[in-house]
Amino acid sequence: MSGCIFCRIVAGEVPAQIVKKTDAILAFTDMNPQAPTHLLIIPTMHIGSLNDAKDPNLLGSLLAFARDLAKEKGLATRGYRVVLNTNPDGGQTVFHLHVHLLGGRVMNWPPG
Ligand code: 5GP
Ligand code: ZN
């Protein structure tokens, strides 16, 4: 997907602060952080949204990846939030599946 900003980050065409990478998953810092730690975890393959995700193993891997990063960043004990916005009502603005990992401050509930 040449027009997709996250595919362009995967391809190295758009710079990003890469935190961790496997063949299937990439994590990088959000350019507009909403918490002291705000990472995006994405599949390297283009998938538009959670609605389009067919492989439950990949979804599990994305969650485990976020959980492991939270541990590595020292967030696990205090706590953190994992968010997956889907389509306009869910607040999704980039249509390449991504998991937000937010931590380093107390999160409010309900979300806006
Ligand atoms: P969404 O609103 O779709 O759940 O989240 C998209 C996120 O991607 C936003 O938090 C936004 O700041 C981030 N984002 C959008 N474009 C870029 C970019 O080019 N680089 C990085 N690092 N983050 C981006
Ligand atoms: Zn993409």
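All ligand and atom numbering here is 1-based and tracks the order in the structure.
Counting only residues at least two apart or on different chains, the side chain to side chain donor-acceptor pair (under 3.5 Å) pairs with a member in residues 61-75 are K20-E72.
Inter-residue side-chain proximity for H96 and I5 is flagged as unmet; no heavy-atom pair is nearer than 4.5 Å.
Here I47 is tied into one hydrophobic group with V19, I25, L39, I41, M45, L50, L58, L59, L62, L63, F65, L69, L75, Y80, V82, L84, L97, V99, L101, each link being a pair of ILVMFWY side chains closer than 4.5 Å.
The number of heavy-atom neighbours closer than 6.0 Å to CD of E13, taken from other residues, nucleotides and ligands shown, is above 12.
Remark: the backbone N or O of P15 is not paired with any side-chain donor or acceptor of R8 at under 3.5 angstrom. Formation of a donor-acceptor pair under 3.5 Å by the R105 side chain with backbone atoms of Q34 is found in this model. Listed for the N87 side chain is no donor-acceptor partner under 3.5 Å among the backbone atoms of D89.
Ligand 1 is surrounded by I5, F6, I9, F28, T29, D30, M31, N32, L40, N85, G91, Q92, T93, V94, H98, H100, each with at least one heavy atom closer than 4.0 Å.
Taking the six-membered ring wherever Trp is involved, the centroid distance between the rings of F6 and F28 falls below 6.0 Å.
Hydrophobic clustering of Ile, Leu, Val, Met, Phe, Trp and Tyr side chains at less than 4.5 Å, counting indirect connections, keeps M31 apart from L40.
Listed by chain and number, C4 SG, C7 SG, H46 ND1, H96 ND1 are the protein N/O/S atoms closer than 2.8 Å to the Zn ion (ligand 2), with waters left out.
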